[in-house]
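Note that these values count all heavy atoms, side chains included, but never hydrogens, waters or copies made by symmetry.
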Amino acid sequence: MRPVPLGRLVACAPMRAAALLAAAGALLLAALLGGGASGDSRLLWIGGGAALAAGLAAAAAFLGALPRPTPGRDGAAFLALGAGFVVWSGATILWSVEPDRSWAYTNRGLAYLAFACFGLFLGAALPRAPSKLAFLFLAGFAAALGWALLGKAIPSLYPDYGRVARLRSPIGYWNALAQVCDAALPLGLWLGSRRRWAGSLVVFGASVAAVLTLSRSGLVIGVLAVLLYLALSRDAYGGLLTLAASLPPAALVAGIAFTQPGLVDDGTTHAQRVHAGVVFAATFLAGAAVAGLAGWWLSRLRVPAAPERARVVRFAASGAVMVVLLAVVAGIVREGGPAPAARRLWHGFATTEQITQASGRLASANSSNRWRWWQESWDAFTRHPLGGSGAGTFELEHRIVRGGRYSEPTIEPHSIAVQALGETGIVGFLLLTGTVMAAALVLRSALRRLDGFDRAAAVALTAGAAAWLAHALVDLHWDYLAVTAPVFLAVGVLAAAGRPPLPARRRPLWALGALLLAAAAIYSLATPWLANRRIDTGLAALGRGDLAAADSDFRAADRLNPFAVEPLLYQAAVATARGNRHAAEILYLRAHARQPKNPDVLYELGVFEFRQGNYLAAYRALNDAYTLDRFGPAGQKGGYLDRARAIVNREAAKQRAKATATAP
């Protein structure tokens with residue numbers, strides 16, 4: 001094929017780059033403001049949108065309408081290893097204890113991979129891509145944090161703060177919102193290098209929001225993200241000035257907020273929250289004005305020479321180290337020495353007592369059951385070292401491996417490392433580790449390749465990505481589109497930014513292949529969603545008493561998602577309502593064969609058999625369910641298992657007595 005004329009490619013470049021940037025902005029806002037928390041309800045629309053955008057961008061590049069990106073070896077390794085992890089996650093469906101969850105987990109990985117691929121084309125087509133992406137992130141983070149804080153000022157916007165006060169809207173999880181704050185902090189420092197008053201406002205708002213999440217990991221990782229930005233930045237002095245302008249008013253506003261029960265205490269009345277909201281709005285606006293004015297005034301100061309700036313940075317670093325050391329020494333002295341302090345710290349971390357969600361949690365070392373979950377994930381790995389229990393199956397697997405030791409229910413073990421080990425085995429763990437290492441190489445290469453304002457933007461984005469990794473090691477951020485999709489988008493952009501594009505050539509077959517891959521990804525995302533929709537319509541029909549329509553919907557859901565057990569269980573319920581007990585029993589047995597280690601399926605089968613008078617079969621199914629999960633419904637005192645056991649034992653006693661009476 002002949003090369004595309006360069007003039008034709010350049011002529012429409014600004015318009016196409018603007019379209020790509022608009023698409024990235026729409027996807028980012030959708031993830032941040034409507035990501036659907038940790039569920040899969042929005043995965044089709046956001047992940048499918050990213051797949052469509054990536055497919056169209058790739059097709060346009062292969063047809064010569066967009067620059068073809070050069071990801072470099074590190075970028076190519078990042079995409080290849082990421083794709084390998086997604087493929088391996090899909091392969092675990094074959095042996096997964098909960099294959100429908102493994103499919104959903106694979107789809108989540110597909111969505112993140114689509115964001116990375118789209119970022120690759122965005123970085124190649126967009127001039128000064130790191131800076132523009134940083135501004136885009138700032139706008140998205142400001143929208144998310146602004147809405148979160150507005151819910152505190154106006155309680156009617158988010159009434160659930162009356163139940164649990166921790167800041168979490170619109171993402172739905174306080175630690176995930178804390179990650180947004182942590183990513184916004186280095187971006188605020190980056191913005192402060194050009195507009196100190198604006199950067200001071202960003203750091204001020206993100207700091208106040210981070211405190212109100214009451215996230216201990218969020219506060220610690222936020223500090224580390226700021227330190228990483230200052231260490232990598234070529235303007236650490238300017239960053240310190242931005243911090244000096246923003247942190248004092250932020251600390252004052254946060255301190256006043258902690259005096260208001262309506263802001264930080266659980267179970268408060270609407271009137272308390274209204275009063276606290278007025279106080280918070282007034283103090284926040286006043287603090288923002290102080291931070292902005294302080295940033296403007298500091299920007300007017302004479303910039304000292306480089307040696308003097310270096311001395312200021314060294315003095316600030318030394319002071320920070322001294323403060324940390326003094327705090328550590330004070331804590332050790334208060335506990336009576338290093339050994340008692342270490343024992344108390346470990347006991348607090350390893351305890352299974354549920355930590356409070358109130359403000360007192362900030363002084364606690366309680367791991368919120370993480371230590372127990374990590375142990376359970378390790379146990380799952382030792383049972384399935386090669387392939388794991390199946391991607392995304394910890395919610396079920398931890399019920400199986402916990403045995404007689406109760407642990408709080410959870411969807412993931414709150415650590416992406418042990419999660420990968422337990423769910424995808426050593427193969428998945430190595431693929432995920434390789435993806436992370438390749439991403440780190442992408443970021444390092446970008447910092448070496450870029451210069452000026454773009455390099456500073458890349459530093460801020462790198463600090464945000466590092467904060468995400470630190471969070472992911474102790475939390476379940478992989479399950480949140482709002483915080484993980486932006487990281488993959490940023491890595492994709494930085495892989496291509498500043499590199500010369502490949503020669504533009506028309507490759508129609510490659511373009512068609514890109515579109516087919518995007519279509520396959522969208523199909524994979526859409527099918528479980530459609531199955532869930534048919535289940536919802538079937539349940540609605542069941543509520544109306546329309547058994548025929550309900551059965552039709554449940555059968556359609558089963559065809560769409562042949563890995564799930566819910567459609568079979570609902571079909572069995574319809575068959576029971578119609579009086580077709582034999583068909584119902586077959587459906588229950590099919591569900592058990594589909595997920596033989598699912599105690600909930602065994603419990604439903606046992607209840608069905610009990611109601612049919614098949615007490616021995618009921619006892620066996622319910623006992624198997626109890627063996628798999630002692631703390632599930634089968635273990636309920638006086639429940640179906642106890643009743644079935646009593647009946648079976650009574651009948652056995654009658655048979656023994658009869659045999660004894662008839663014996664010679």
Would you please test Asp475 and Arg370 for side chain to side chain contact (heavy atoms under 4.5 Å, CB included) and show each step? CA-CA 9 Å; Asp475 223 310; Arg370 282 172 174 78; 3.1 Å; yes
Between Phe563 and Glu98, is a side chain to side chain contact (heavy atoms under 4.5 Å, CB included) present by the stated rule, with each step listed? CA-CA 8 Å; Phe563 305 116; Glu98 202 173 9; over 6 Å; no
Pair Phe141-Leu187, side chain to side chain contact (heavy atoms under 4.5 Å, CB included): steps then yes or no: CA-CA 10 Å; Phe141 293 163; Leu187 286 171; 3.6 Å; yes
In sequence, state the C-alpha distance, the side-chain angles, and the governing distance for Asn532 and Leu560, and then conclude on side chain to side chain contact (heavy atoms under 4.5 Å, CB included). CA-CA 9 Å; Asn532 290 334; Leu560 288 166; over 6 Å; no
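Residue Gly205 comes nearest to Leu149 through the heavy atom pair O-CD1, 4.1 Å, listed as atom of the first residue, atom of the second, then distance. Nearest approach of Pro170 to Ala144, heavy atoms of both residues: CD-O, 3.4 Å. Contact record, Leu298 with Leu241: CD1-O, 3.3 Å, taken as the closest heavy-atom pair. Across Asn561 and Ala531, no two heavy atoms sit closer than the pair CB-CB, 3.7 Å. The minimum heavy-atom distance linking Ala125 with Leu20 is given by the pair CB-CD1, 3.6 Å. Residues Gly35 and Ile46 approach most closely at CA-CD1, 3.8 Å, considering heavy atoms.
In this structure, the side chain of Asn107 engages the main chain of Ser524 through a donor-acceptor pair within 3.5 Å. Using a distance-only test at 3.5 Å, with no hydrogens or angles considered, no donor-acceptor pair links the side chain of Tyr173 to the main chain of Tyr480. Side chain of Ser207 to backbone of Leu247: no donor-acceptor contact under 3.5 angstrom is found. Of the possible polar contacts, none joining the Glu423 side chain to the Ser389 backbone as a donor-acceptor pair under 3.5 Å is found. Ser96 contributes no side-chain N or O that, together with a main-chain N or O of Gly390, makes up a donor-acceptor pair within less than 3.5 Å. With hydrogens and angles disregarded, no donor-acceptor distance shorter than 3.5 Å links the side chain of Thr70 to the backbone of Arg499. Without hydrogens or angle criteria, Ser415 side chain to Leu473 main chain gives a donor-acceptor distance under 3.5 Å. A donor-acceptor pair under 3.5 Å is formed between the side chain of Thr242 and the backbone N or O of Gly238. Checking side-chain atoms of Arg42 against main-chain N and O of Gly34 turns up a donor-acceptor pair under 3.5 Å. Panel note: side chain Thr106, backbone Ser102; a donor-acceptor pair is recorded below 3.5 Å.
Using a 4.0 Å cut-off between a side-chain N of Lys or Arg and a carboxylate O of Asp or Glu, Arg449 and Asp454 do not qualify as a salt bridge. A salt bridge does not link Arg444 to Asp74: none of the charged nitrogens lies less than 4.0 Å from a carboxylate oxygen. At a threshold of 4.0 Å, the pair Asp235-Arg455 does not count as salt-bridged, since none of the basic side-chain nitrogens sits closer than that to a carboxylate oxygen.
Between Arg108 and Asp40 there is a side-chain heavy-atom pair separated by less than 4.5 Å. Between Arg101 and Phe394, every side-chain heavy-atom pair lies at or beyond the 4.5 Å cut-off. Using a 4.5 Å heavy-atom threshold, the side chains of Pro385 and Ile426 count as separate. Looking only at side-chain heavy atoms (C-beta outward), Leu145 and Cys181 come within less than 4.5 Å of each other. Two residues are said to be in side-chain contact when any heavy atoms from C-beta on lie closer than 4.5 Å; Trp478 and Glu412 fail this criterion. Residues Pro130 and Leu450 meet the side-chain proximity criterion, which asks for heavy atoms closer than 4.5 Å. Contact annotation: the side chain of Leu515 approaches that of Leu56 to within less than 4.5 Å [non-hydrogen atoms, C-beta and beyond]. The shortest side-chain heavy-atom distance between Leu113 and Phe488 does not fall under the 4.5 Å cut-off.
If you look at Trp190 and Phe135, their ring centroids are closer than 6.0 Å.
Inspection of the His471 and Asn175 side chains reveals no N or O donor paired with an N or O acceptor under 3.5 Å. Between the side chains of Arg194 and Ser131, not a single donor N or O lies within less than 3.5 Å of an accepting N or O. Checked by atom type, the side-chain pair Ser299/Trp197 shows no donor-acceptor distance below 3.5 Å.
Residue-environment remark: CH2 (Trp529) exceeds the threshold of 12 foreign heavy atoms within 6.0 Å. Counting heavy-atom neighbours within 6.0 Å of Arg195 CZ, excluding the residue itself, gives a total of 12 or less. Surrounding CH2 of Trp147 are at most 12 heavy atoms belonging to other residues, nucleotides or ligands under 6.0 Å away.
Distance check, rounded to the nearest 0.5 Å: CG of Leu189 to CG of Leu230 gives 6.0 Å. For the atom pair CG of Leu44 and CZ of Arg533, the computed distance is 10.5 Å after rounding to the nearest 0.5 Å. Separation of atoms OG (Ser89) and CG (Leu431) is listed at 8.5 Å; rounding is to 0.5 Å. Between the CG atom of Leu28 and the CG atom of Leu33 there is a distance of 8.5 Å, given to the nearest 0.5 Å. The distance from atom CZ of Phe204 to atom CG of Leu243, rounded to the nearest 0.5 Å, is 14.0 Å. Taking CG of Leu120 as the start and CZ of Phe78 as the end, the distance is 9.5 Å to the nearest 0.5 Å.
Residue Trp88 forms a ring pair (Phe, Tyr, Trp, His ring centres under 6.0 Å) with just one option from Phe429, Trp95, Tyr105, and that option is Trp95.
Remark: Arg68 fails to qualify as a cation-pi partner of Phe62 under the 6.0 Å distance and 45° angle criteria applied to the six-membered ring.
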